[in-house]
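What follows is a set of notes on a single structure, which appears directly below.
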Amino acid sequence: METAIYQNQTISLDRLDRSEYQKIYLAGKNGELLCSVCRESVRFYIGIQDSPHFSHAHSTIPDCPEQTMQEVNNEPKQNHNEMNGFRLPKGRSILEAPEKVQAFKTAKSLDYQVPFQNNETNTIEYPSPYLQQLAKSGVVLDEEQAAAVSETEGALLVLAGAGSGKTRVLTARTAYMLEVKKIDPRNIMLVTFTSKAASEMKNRLLTYPQIKKEAINKLVTGTFHSIFYRILMFHSRENWNSERLLNKDWQRDKILKNAGKEIGLSEKEFAYDLALQQIGFWKNSLLFPEDIHPESEWEKQTLYLYKKYEDYKLAERLFDFDDMLIGCYQLLKSAPELLEQYQNRFQYFLIDEFQDINKVQYELIKLLSGKYKNVCAVGDDDQAIYSFRGSDPSYLLEFEKDFPFAKVIILAENYRSSHEIVTAANQMIAANTKRRLKKMKAQYTHGAAPILFFPYDEEEEATMIVTDLQEKIAQGAAPSDFAILYRTNAGARAIFERLASSNLPFRIEQDVEAFYDRRIVKSILSFLKLSLNEDDQTALSDVLPYLFLKQSVLRDLKAMSILQDCSNLEALSYIKTAHSFQEKKLKKAVIAIRKLKQLSPLSAIEMIEKDIGFLDFLKKRGNESNKIEKGSDDIKDLKVAAKNFNSIESLLAHAEHMSAMNKEIKNLSKHFTETITLSTIHRAKGLEYQTVYVLGAVDGSLPHDFALESYRNGDYSALEEERRLFYVAMTRAKEQLFISIPSNRRGKKANRSRFLAALSKKRNRPASL
């Protein structure tokens, strides 16, 4: 049905602007929409593949015969009135676009596809009877995989594309070295990037023919940190005792904050979390304080903290996780005899996820492998997405520089995704200039090409996805078949809220902070709370930094409120500071905060931004230098959410409910396996799902704003990494891939991601960065 009754007005989809769709959808959920014929409750359907329409809320009631708007109102089919000989346009309701209606854009499939060719492989002549045994036990290898397993001597770079079975290659290679080459397991080092991956490999090895547990236990396996920390403990247990480890974020944070006080850095005004991340980046890049030349005031301040942080650890004989690798590197560099001892001990290296290796990790491997050069590096430069942690794909791209006789084997068969998804992913990543040339080939065709869909904004995007999920799960799909991927955690706000109000089970990462608990969002909400309750002590404490006041002022405010017989908020008007202009600003702020409760949530937030000076504060605050998640972006996201509420009270109640739901979902998801996954693309790397939805494929989101800014300044590397991130997102999908292209993002018109140009029909046209 194309018409419905809302607030005693007849609305028609051919006159309803897209900006109103979400409001009407919510009205339908709340029972506020009626059928224009029978006056029964109706819902507004917004999905991905079917056009929007009204349907009866109760499935037992059939949809009524369609009527036009004129027929419903018994009007002649004309859109004007005649007066004094002139034709005047008819008045429109508030839910109709005044001039031009933005129509719903139907989802479209990526119809430019390379024809699928069945890659039937001939029977492989395995180089060893043991590999034949492995095949009989279910560990079947293709030709390239078998070559990667059996080439055990010398340096080898295995370019393992997405879904190419790299774990199978690493474990089969280890088994081959043990059983065929009879290599002492104590001479083999198997390095992974997570302890979980190391454990899974060892467990898988135990299922292989003739592999004994005793041999597996003698292998040196684990993460870089775990392996090299063991070396440090063996040679200097007193200096590297775990009791001296700063293993908690709050411990490191406290050291920095104490150092920051010496140069007047406020705990609430300076982004200490970002400073810790920057210090870690410098350390993993083997850049010490004397090597760094700050390029901004923020870097200058962070460098000061870095020096103080290292001085404190040295004086207190403490260390952090980064020191484990640096300490081992310095130990081996300073003790040639010890280095030779370990070079003789470790004759074979197998390194997983080599594209994610950083400077200190690479230098350690170079040192230890210096004698035998038997390094097997397995990775995919097209999935290098961790430069913010110091990872550098150039070590993979330039592997032959340090290992000049290295062999290169490309694993190009994708055993995970359909031909349609693999083809699209190939086309996208081919636009990157700094990469090893390769093209993945799928093993099967699913017949379903990736689908682009076009929501109005983040709110409608979430509604469309949840509708699609409900339909697919109702048809028999399992919730665990689905993943919803996004660039940053802030991008999950709308989809989290929509899922939380549905009956669908879903999971989020345990350490992900609720949107309404984020510092900037919480501070904005505190201004709103203070406008409703002028004596709210917690809210007042939260807003003080944004009025350029210290927490010690709270005591004065309490005293002043008693002396002047006024609220804590009004007491701000009586506070004396060292600057008269600041006192005037405080008086104006009190008046502005009191006005907030009279405004809509959106207008109130805009007043906090501009009239109260919240944005001015953010420009001076360290976290605006965070390239990925700026505080001002949080405000934009909050304003999008605020549009759905008519009162400040309802917004605050919703925020409180969503924060509680965040905790509840985390607790519940621990006990269920059948859940939809919500994840950043970074965290989804290495995982796979039947169906994947990628949110926000627009410039500014994917690619991120900071990458576009770098590109405008002549640095292409960040943009290429963003394209790799998109490639990773696409290749998590096995059978179905949905890519969302919202028309608006954070309240402004959005342009579709430039990366999607590579998926157009014009094959010979070069894709731009």
Side-chain angles (χ1 to χ4, degrees), residues 1-47 50-59 61-83 86-106 454-464 466-467 494 498 501 598-603 639-651 654 743-744 747:
M1 299 189 298
E2 297 293 315
T3 60
I5 304 293
Y6 175 58
Q7 294 182 346
N8 296 319
Q9 296 182 69
T10 301
I11 54 176
S12 176
L13 291 184
D14 63 357
R15 291 178 171 182
L16 185 65
D17 193 69
R18 289 294 301 286
S19 62
E20 302 290 347
Y21 274 30
Q22 186 64 26
K23 180 192 291 185
I24 300 303
Y25 169 80
L26 293 174
K29 284 194 71 176
N30 295 331
E32 299 170 12
L33 292 183
L34 301 177
C35 175
S36 58
V37 178
C38 69
R39 296 305 193 266
E40 293 287 345
S41 293
V42 294
R43 295 285 183 94
F44 184 35
Y45 174 93
I46 313 177
D50 291 335
S51 298
H53 59 270
F54 298 106
S55 62
H56 284 102
H58 302 289
S59 58
I61 302 176
D63 288 342
C64 293
E66 194 59 65
Q67 291 182 294
T68 65
M69 188 113 173
Q70 289 79 12
E71 290 170 334
V72 170
N73 294 330
N74 295 316
E75 298 173 347
K77 292 188 177 181
Q78 60 183 31
N79 58 5
H80 63 270
N81 291 321
E82 293 202 11
M83 184 178 294
F86 292 96
R87 287 188 173 186
L88 300 177
K90 287 179 123 181
R92 298 175 185 268
S93 76
I94 58 170
L95 292 174
E96 297 174 23
E99 291 292 340
K100 186 178 179 182
V101 172
Q102 181 180 341
F104 182 84
K105 188 174 181 180
T106 307
F454 309 93
Y456 176 76
D457 61 6
E458 302 95 323
E459 298 292 335
E460 193 179 285
E461 176 183 62
T463 295
M464 294 171 79
V466 170
T467 298
R498 207 69 72 251
S501 63
Q598 303 167 10
L599 304 174
S600 70
L602 179 58
S603 298
K639 288 197 289 186
V640 173
K643 288 180 182 178
N644 294 321
F645 301 92
N646 296 320
S647 68
I648 288 175
E649 290 89 344
S650 59
L651 172 61
H654 173 77
S743 302
N744 297 273

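Heavy-atom basis, side chains included; hydrogens, waters and symmetry copies ignored. None of the values given here were measured: they were computed from a predicted structure.
By the 4.5 Å heavy-atom criterion applied to side chains, L33 and I24 are counted as neighbours. Counting heavy atoms from C-beta on, the side chains of K639 and K643 never come closer than 4.5 Å. Side-chain contact check for Y6 versus E32: some heavy-atom pair is nearer than 4.5 Å. Put simply, the side chain of E40 does not reach to within 4.5 Å of the side chain of C64, judged on heavy atoms. Between L26 and N644 the shortest side-chain heavy-atom distance falls below 4.5 Å.
Listed by chain and residue number, Y45 satisfy the ring pair (Phe, Tyr, Trp, His ring centres under 6.0 Å) test with H53 (two or more places apart in sequence, or in another chain). In this structure K105 satisfies the side chain to side chain contact (heavy atoms under 4.5 Å, CB included) test together with F454, R752, sequence neighbours excluded. Every residue two or more places apart in sequence or in another chain that forms a ring pair (Phe, Tyr, Trp, His ring centres under 6.0 Å) with F54 is listed here: F44. Checked against ring pair (Phe, Tyr, Trp, His ring centres under 6.0 Å), Y25 has no partners two or more places apart in sequence or in another chain. Under the side-chain hydrogen bond (donor to acceptor under 3.5 Å, both in side chains) criterion, S41 pairs with no residue, sequence neighbours left out. Looking at residues two or more places apart in sequence or on another chain, you find a salt bridge (Lys or Arg N to Asp or Glu O under 4.0 Å) between R498 and E459.
Judged purely by atom type and a 3.5 angstrom limit, S603 has no side-chain atom pairing as donor or acceptor with the backbone of L599. The main-chain N or O of I11 is never found under 3.5 Å from a side-chain atom of T3 such that the two would form a donor-acceptor pair.
Heavy atoms only, all atoms of each residue included: A494 and E458 are closest at CB-O, 3.5 Å. Closest non-hydrogen pair, L651 versus P601, comes out as CD2-CB, 3.8 Å. Nearest heavy-atom pair across F104 and S51 is CE2-CA, 4.4 Å. Minimum heavy-atom separation, M1 to L13: O-CD1, 4.3 Å. Nearest heavy atoms, G747 versus V640: N-CG2, 3.7 Å. Residues P52 and E2 share a closest heavy-atom pair of O-OE2, 4.3 Å.
Distance check: R18 CZ to D457 CG gives 8.5 Å after rounding to the nearest 0.5 Å. Considering SG of C35 and CZ of R43, their distance stands at 14.5 Å, rounded to 0.5 Å. Considering OG1 of T10 and CD1 of I5, their distance stands at 3.0 Å, rounded to 0.5 Å. For the atom pair CG (D50) and CE (M464), the distance works out to 10.5 Å, reported to the nearest 0.5 Å. How far CG of N744 is from OH of Y456: 4.5 Å, rounded to the nearest 0.5 Å.
By the neighbour-count criterion of 12 heavy atoms within 6.0 Å, atom CG of N30 is densely surrounded, having more than that number from other residues, nucleotides or ligands.
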